[in-house]
Protein chains: 2
Amino acid sequence: MPPPPSRRPTIRDVARSAGVSVTTVSHTFSGNGKVAPATQQRVRTAAHDLGYRPDVIAQGLRSNRLGVIALVARQLDALRPELLFDVDYFARFAGAAAVASLAEGLGLMLVSDPTGPRAAGAALASDGFIVTEPVVDDPLVEMLTNAGIPFVTVGEIPGVAPETSDVPLVDIESGRLTTLALDHLWESGARRIALVTGTDRNEWNLRSASVYQRWARFRRMPPALVHAPEALDDEGGRRAAITLLDGSDAGGVPDGIYALTSNHALGILAELTVRGLRVPDDVRIVAGSDAESLRTSQTTISSIDLRPDELARRAVQALAARLDDRPPPDHGDAPVGRLLVRASSRPRSPDQR
Amino acid sequence: MPPPPSRRPTIRDVARSAGVSVTTVSHTFSGNGKVAPATQQRVRTAAHDLGYRPDVIAQGLRSNRLGVIALVARQLDALRPELLFDVDYFARFAGAAAVASLAEGLGLMLVSDPTGPRAAGAALASDGFIVTEPVVDDPLVEMLTNAGIPFVTVGEIPGVAPETSDVPLVDIESGRLTTLALDHLWESGARRIALVTGTDRNEWNLRSASVYQRWARFRRMPPALVHAPEALDDEGGRRAAITLLDGSDAGGVPDGIYALTSNHALGILAELTVRGLRVPDDVRIVAGSDAESLRTSQTTISSIDLRPDELARRAVQALAARLDDRPPPDHGDAPVGRLLVRASSRPRSPDQR
DNA sequence: CTGAAAGCGCTAACAG
DNA sequence: CTGTTAGCGCTTTCAG
């Protein structure tokens with residue numbers, strides 16, 4: 001048996017080897033036309049013997065679809081890629097998205113900023129995009145809309161009512177989760193609850209803040225609201241804590257803090273500890289995003305687990321459906337995110353800590 | 001101005017609009033042939049006006065290259081993608097790889113298991129692969145080798161001498177780093193140092209174990225070696241600790257533990273704490289992989305920072321070079337991984353802890 | 001049921 | 001310097 005030519009076998013090689021036309025080969029693989037079972041068998045054997053695999057690129061050229069979707073990782077800063085904040089959220093989301101994509105027969109591309117000038121061609125070749133946490137006037141959203149590229153968002157596009165837009169949306173439930181966290185803090189005994197958000201203008205930050213304001217009014221509690229850049233990590237949390245503790249503008253030191261970013265929560269805990277404040281006895285803390293580090297910190301920190309894995313799965317499925325012009329999957333309205341109570345907000349439980 | 005046809009403009013549209021041939025357009029964009037500057041300008045303007053962007057797929061068809069490389073995330077288990085272990089390592093590696101890829105004009109695809117039967121076509125369409133931590137008789141390595149697909153590994157292929165193979169390798173320096181960790185434990189006062197590895201049969205686990213054996217012999221220290229599955233996370237660490245503390249086979253309880261997986265280290269710390277052993281006074285701990293959670297645990301844990309960001313960058317560059325038939329980049333032999341000393345192995349320092 | 005042939009958008013000889 | 005043209009591997013009418 002002569003060594004096959006080094007180039008990979010094409011559909012023609014298979015056709016020749018099976019004594020049929022390329023059409024027949026194409027049809028047996030795509031299941032499109034009608035091919036006699038016997039012929040199919042011959043084709044498959046020939047293909048197998050030759051080690052033939054349809055060329056995805058050529059298919060893509062015909063169909064204008066590559067079978068790849070892109071996940072935009074906002075946190076990826078080209079200058080300091082080692083400083084991914086909210087590592088857990090990102091990793092879990094990306095991991096689950098990759099697996100879910102595979103299940104849909106799609107590849108998952110990781111992309112930082114496709115709007116930038118250096119946007120690699122490949123980045124744009126994707127069939128669709130998953131945009132997590134779009135921000136106000138998001139240039140990426142604008143670009144995708146203009147280019148007519150299908151995309152789904154995780155979290156609403158701020159300022160765009162979901163009913164208005166036909167962009168599929170995976171709901172992160174900022175409203176419900178904020179209330180959940182605040183109610184929990186209240187029940188665990190806090191009466192002056194402060195909110196620490198990030199500075200990105202996405203739904204998570206914005207809606208949490210507005211729900212918090214309303215909630216505070218309802219509870220007749222003077223609101224204490226601090227913003228710290230996500231990228232500052234625990235240092236941002238430390239600063240927020242300092243602001244809250246020193247600037248006693250809201251009439252007194254808070255005895256409960258809801259910090260949206262996990263690393264902010266860690267920084268807050270650190271600052272409180274330094275000042276000799278006890279958690280949860282003096283101040284209760286809840287983080288708005290779960291992370292491994294919250295499970296293992298000196299005092300373990302309660303958090304909202306956004307369930308990035310589930311969000312990712314839904315996003316992929318919604319996008320895949322949109323790409324195939326299928327109706328969007330119905331995930332029912334079972335809530336996704338949940339509260340994880342840990343030591344930082346547990347009323348009193350002698351066995352803990 | 002009539003609305004442009006809804007299909008995206010092709011190179012021919014540009015050619016027509018600029019009054020030149022398609023070749024000229026192609027050349028001005030690829031910079032391949034020679035085109036008069038004036039013509040170039042006309043072409044560019046026309047292209048810009050039409051909103052033309054070269055079609056990556058068509059380019060790929062011609063060149064047999066898509067401009068996409070794949071990162072195989074071994075930890076992605078389709079059944080439980082939310083259980084990524086070593087989240088930090090993965091996230092940092094993937095993030096840095098995505099950014100580095102972009103800098104090389106490549107997209108980065110996340111892929112779980114391309115050898116499986118369900119392997120989506122797109123997963124295989126990548127121009128090359130980055131395989132982290134290949135294992136003994138790795139089916140993926142075999143598959144890529146057979147298919148003639150270029151790849152680089154991060155960490156040696158166990159059982160294959162790097163000189164023998166022409167697969168580009170990014171060295172994780174397991175040997176040096178193991179010695180570094182063990183020497184550090186020794187210097188911080190430990191005299192019975194145990195090693196806890198994972199169970200994957202990759203270079204990191206295997207080489208660390210063998211270097212440890214040699215090191216123990218050299219120090220005339222009875223070796224105590226325990227293996228725990230990576231996927232068990234902190235529970236694996238807890239079990240390893242139990243084994244080490246109860247099964248006093250090696251003559252006595254260890255006073256120093258080097259645990260390769262960060263979550264194992266956390267579990268070990270937890271178990272030691274439960275038993276009333278003080279860290280670092282009674283037992284010193286070093287983790288073989290850094291993570292945010294080690295920085296914020298009850299007692300902060302020293303670790304080997306593998307510098308996943310740097311490893312990823314090198315892997316991408318090596319692969320990109322290989323794809324272009326360029327010589328592999330020379331990263332010199334400056335060491336990459338480093339030791340981060342934290343409370344869990346700090347001799348005595350009243351300000352810490 | 002099967003085959004011939006026309007492209008998908010682009011590049012690269014090869015001629016002018 | 002610029003244009004003509006022949007494909008890359010595949011799908012898809014449209015005829016047999």
Side-chain angles (χ1 to χ4, degrees), chain A residues 4-44 46-47 50-67 120-122 124-127 147, chain B residues 4-44 46-47 50-68 105 121-122 124-127 147 324:
Chain A
S6 67
R7 44 175 268 292
R8 35 185 300 204
T10 80
I11 199 173
R12 299 158 84 101
D13 298 323
V14 179
R16 191 162 347 103
S17 158
V20 296
S21 83
V22 291
T23 312
T24 310
V25 180
S26 175
H27 281 171
T28 60
F29 278 102
S30 66
N32 262 359
K34 300 218 161 280
V35 182
T39 322
Q40 288 216 20
Q41 206 33 255
R42 248 187 319 143
V43 171
R44 289 194 191 285
L50 268 56
Y52 167 79
R53 285 186 153 292
D55 182 329
V56 203
I57 306 181
Q59 286 177 318
L61 179 58
R62 287 287 327 180
S63 57
N64 245 312
R65 301 242 334 240
L66 235 194
L124 295 169
S126 318
D127 301 335
Chain B
S6 69
R7 45 176 269 291
R8 34 187 300 205
T10 80
I11 199 173
R12 298 157 85 101
D13 298 323
V14 179
R16 190 163 347 102
S17 158
V20 297
S21 83
V22 291
T23 312
T24 309
V25 179
S26 175
H27 281 172
T28 61
F29 277 101
S30 65
N32 262 359
K34 299 219 161 279
V35 182
T39 320
Q40 287 216 22
Q41 206 34 256
R42 248 188 320 143
V43 171
R44 289 193 191 285
L50 269 56
Y52 167 79
R53 284 188 154 293
D55 182 326
V56 204
I57 307 181
Q59 287 178 318
L61 179 59
R62 286 286 332 182
S63 57
N64 246 309
R65 301 239 336 237
L66 236 194
V68 172
L124 296 169
S126 318
D127 301 335
D324 291 346

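Residue numbering restarts at 1 for every chain, and letters A, B, ... go by the order of the sequence lines.
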Does some side-chain heavy atom of [Y] sit less than 4.5 Å from a side-chain heavy atom of [X]?
| X | Y | answer |
| --- | --- | --- |
| B/V43 | B/V35 | no |
| B/L61 | A/R62 | no |
| A/S26 | A/N32 | no |
| B/V25 | B/V20 | yes |

Once you apply a heavy-atom cut-off of 4.0 Å, does [X] come out as touching a base, just sugar-phosphate, or nothing?
| X | value |
| --- | --- |
| A/T10 | sugar-phosphate |
| B/F29 | nothing |
| B/T39 | sugar-phosphate |
| A/N32 | sugar-phosphate |
| A/T24 | sugar-phosphate |

remark   = Comparing nearest nucleotides in DNA chain D, the 5'-proximal residue of the pair B/V35, B/V22 is B/V35
task = Tell me which of B/Q40 and A/Y52 sits closer to the 5' end of DNA chain D, going by the nucleotide each one is nearest to.
result = B/Q40
task = Please check if the side chain of A/R44 supplies one atom and the backbone of A/T28 the other of a donor-acceptor pair under 3.5 Å.
result = yes
message = Checking the side chain of B/S63 only, and the main-chain atoms of B/Q59 only, is there a donor and an acceptor separated by less than 3.5 Å?
response = yes
Among the candidates [options], find the nucleotide nearest to the side-chain atoms of [X].
| X | options | result |
| --- | --- | --- |
| A/K34 | D/dG9, C/dG9, C/dC1 | C/dC1 |
| A/A36 | D/dC1, C/dC1, D/dG9 | C/dC1 |
| B/R62 | C/dC10, D/dT12, C/dG3 | C/dC10 |
| B/S21 | D/dT4, D/dC8, C/dG3 | D/dT4 |

Whole-Å gap separating [atom2] ([N]) and [atom1] ([X]):
| X | N | atom1 | atom2 | result |
| --- | --- | --- | --- | --- |
| B/N64 | C/dT11 | CG | C1' | 13 Å |
| B/R12 | D/dT5 | CZ | C1' | 11 Å |
| B/D127 | D/dC8 | CG | P | 19 Å |
| A/L61 | C/dC10 | CG | C1' | 8 Å |
| B/L66 | C/dC10 | CG | P | 15 Å |
| A/R65 | D/dC10 | CZ | C1' | 16 Å |
| B/H27 | C/dC14 | NE2 | C1' | 11 Å |
| A/D13 | D/dG9 | CG | P | 9 Å |

Does a side-chain N or O from [X] land closer than 4.0 Å to OP1 or OP2 of [N], or not?
| X | N | result |
| --- | --- | --- |
| A/S26 | D/dT11 | yes |
| B/S30 | C/dT11 | no |
| B/Q59 | C/dT11 | yes |

ask   = Do A/T23 side-chain and D/dT11 base share a donor-acceptor contact under 3.5 Å?
value = no
